[in-house]
Participant: 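Below is a structure I'd like to ask you about.
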Amino acid sequence: NASVGRAAYRLTRELIRSRCNAHNIILVTFVNFQRCDYGLTWSGHVVRLGLSNYLVGAMDGKALELLASKKVPTFDMESGLTTADYGWGTKNFRKL
C-alpha cells in the first residue's frame, strides 16, 4: 500500500539508475490523480514498445497509490499543487 510506505517511493539516485537503460536514458512523465488515466496509458504504450527505462511521478497520494497498485514504476513527487484538474494554459497548469 503506497500510503503506508511513501518513503519507499522517494525519488533517489538509486531508483533513477535502476530504471535507466544502457545509454543512461530514462523517460519520465508525471500525473495527479485526475490524470492517472494518462499515466496508465502512457506506461502501457512504453511497455508495448519493449521499454523498461521509465518512471511516472505521482503528484499526490491518491495517484501514488493507484500507480503502485497497477505495478507502474512510480515515485512520490508530493508537489503540494492542487489535485484539481489542470486546464490547458491555466495558472495551475503553468506551475507544472
Side-chain angles (χ1 to χ4, degrees):
N1 186 329
S3 61
V4 173
R6 288 182 80 138
Y9 294 94
R10 224 182 249 148
L11 184 62
T12 63
R13 285 183 183 178
E14 292 76 24
L15 175 60
I16 294 168
R17 287 183 184 137
S18 75
R19 302 302 305 185
C20 284
N21 68 8
H23 302 286
N24 242 4
I25 295 172
I26 187 168
L27 308 172
V28 179
T29 193
F30 50 91
V31 296
N32 64 10
F33 184 72
Q34 295 290 326
R35 295 292 185 198
C36 269
D37 58 339
Y38 167 78
L40 295 171
T41 301
W42 182 84
S43 64
H45 287 302
V46 170
V47 168
R48 280 190 290 285
L49 288 170
L51 303 173
S52 60
N53 58 319
Y54 72 97
L55 286 168
V56 179
M59 296 175 67
D60 55 56
K62 286 174 70 175
L64 180 65
E65 195 163 331
L66 178 63
L67 292 167
S69 75
K70 300 290 186 181
K71 308 288 190 235
V72 174
T74 189
F75 64 94
D76 186 7
M77 292 177 66
E78 192 56 40
S79 66
L81 296 174
T82 180
T83 57
D85 194 13
Y86 295 92
W88 179 263
T90 64
K91 184 177 177 182
N92 284 330
F93 180 85
R94 289 190 299 276
K95 286 181 182 179
L96 293 173

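All of these numbers come straight from a predicted model, not from anything done at the bench.
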Participant: So if you build clusters from Ile, Leu, Val, Met, Phe, Trp, Tyr with side-chain heavy-atom gaps below 4.5 Å, do Val28 and Ile25 land together?
Facilitator: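 In one cluster: no.
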Participant: For Thr29 and Val56, indicate whether the former's side chain and the latter's backbone hold a donor-acceptor pair under 3.5 Å.
Facilitator: no
Participant: Considering non-hydrogen atoms only, spot the tightest contact between Gly61 and Arg6 and give its length.
Facilitator: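 Minimum heavy-atom contact is CA-NH1, 3.6 Å.
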Participant: Using every non-hydrogen atom in the two residues, find where Met59 and Phe30 come nearest and quote the distance to one decimal.
Facilitator: SD-CD1, 3.5 Å
Participant: What's the shortest heavy-atom distance between Gly57 and Thr74, and which atoms?
Facilitator: C-OG1, 4.4 Å
Participant: Keeping the roles fixed (side chain from Asp60, backbone from Phe33), state whether a donor-acceptor pair exists under 3.5 Å.
Facilitator: yes
Participant: Determine, step by step, whether Phe75 and Ile16 satisfy the side chain to side chain contact (heavy atoms under 4.5 Å, CB included) criterion, reporting the C-alpha distance in whole Å, the side-chain angles of both residues, the deciding distance to 0.1 Å, and the verdict.
Facilitator: CA-CA 10 Å; Phe75 64 94; Ile16 294 168; over 6 Å; no
Participant: State the SG-CG distance between Cys36 and Leu64, to the nearest 0.5 angstrom.
Facilitator: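 Nearest 0.5 Å value for the SG-CG distance: 9.5 Å.
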Participant: Does Leu67 belong to the same Ile/Leu/Val/Met/Phe/Trp/Tyr cluster as Leu51, with side-chain heavy atoms less than 4.5 Å apart forming each link?
Facilitator: yes
Participant: Sequence neighbours left out, what passes side-chain contact (heavy atoms from CB on, under 4.5 Å) with Thr12? Give chain and number order.
Facilitator: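 Here the qualifying residues are Arg10, Glu14, Leu15.
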Participant: Calculate, to the nearest 0.5 Å, the distance between atoms OG and CG belonging to Ser18 and Asn53 respectively.
Facilitator: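 Ser18 atom OG to Asn53 atom CG measures 11.0 Å (nearest 0.5 Å).
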Participant: What residues, two or more places apart in sequence or in another chain, satisfy side-chain contact (heavy atoms from CB on, under 4.5 Å) together with Asp37?
Facilitator: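 Applying side-chain contact (heavy atoms from CB on, under 4.5 Å) to Asp37 gives none.
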Participant: Looking at every non-hydrogen atom in both residues, tell me the closest pair between Asn32 and Ala63 and how far apart they are.
Facilitator: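 Between these two residues, the closest heavy atoms are C-CB, 3.8 Å.
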Participant: Is the backbone N or O of Tyr9 less than 3.5 Å from a side-chain atom of Asp76, with the two atoms forming a donor-acceptor pair by type?
Facilitator: no
Participant: Among all residues two or more places apart in sequence or in another chain, which pass the side chain to side chain donor-acceptor pair (under 3.5 Å) test with Arg13?
Facilitator: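 Partners of Arg13 under the side chain to side chain donor-acceptor pair (under 3.5 Å) test: none.
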Participant: Kindly compute the distance separating CZ (Arg17) from CD1 (Ile26), expressed to the nearest 0.5 Å.
Facilitator: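 With rounding to 0.5 Å, CZ (Arg17) is 11.5 Å from CD1 (Ile26).
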Participant: At their closest point, which heavy atom of Val31 faces which heavy atom of Gly39, and how far apart are they?
Facilitator: CG1-N, 3.7 Å
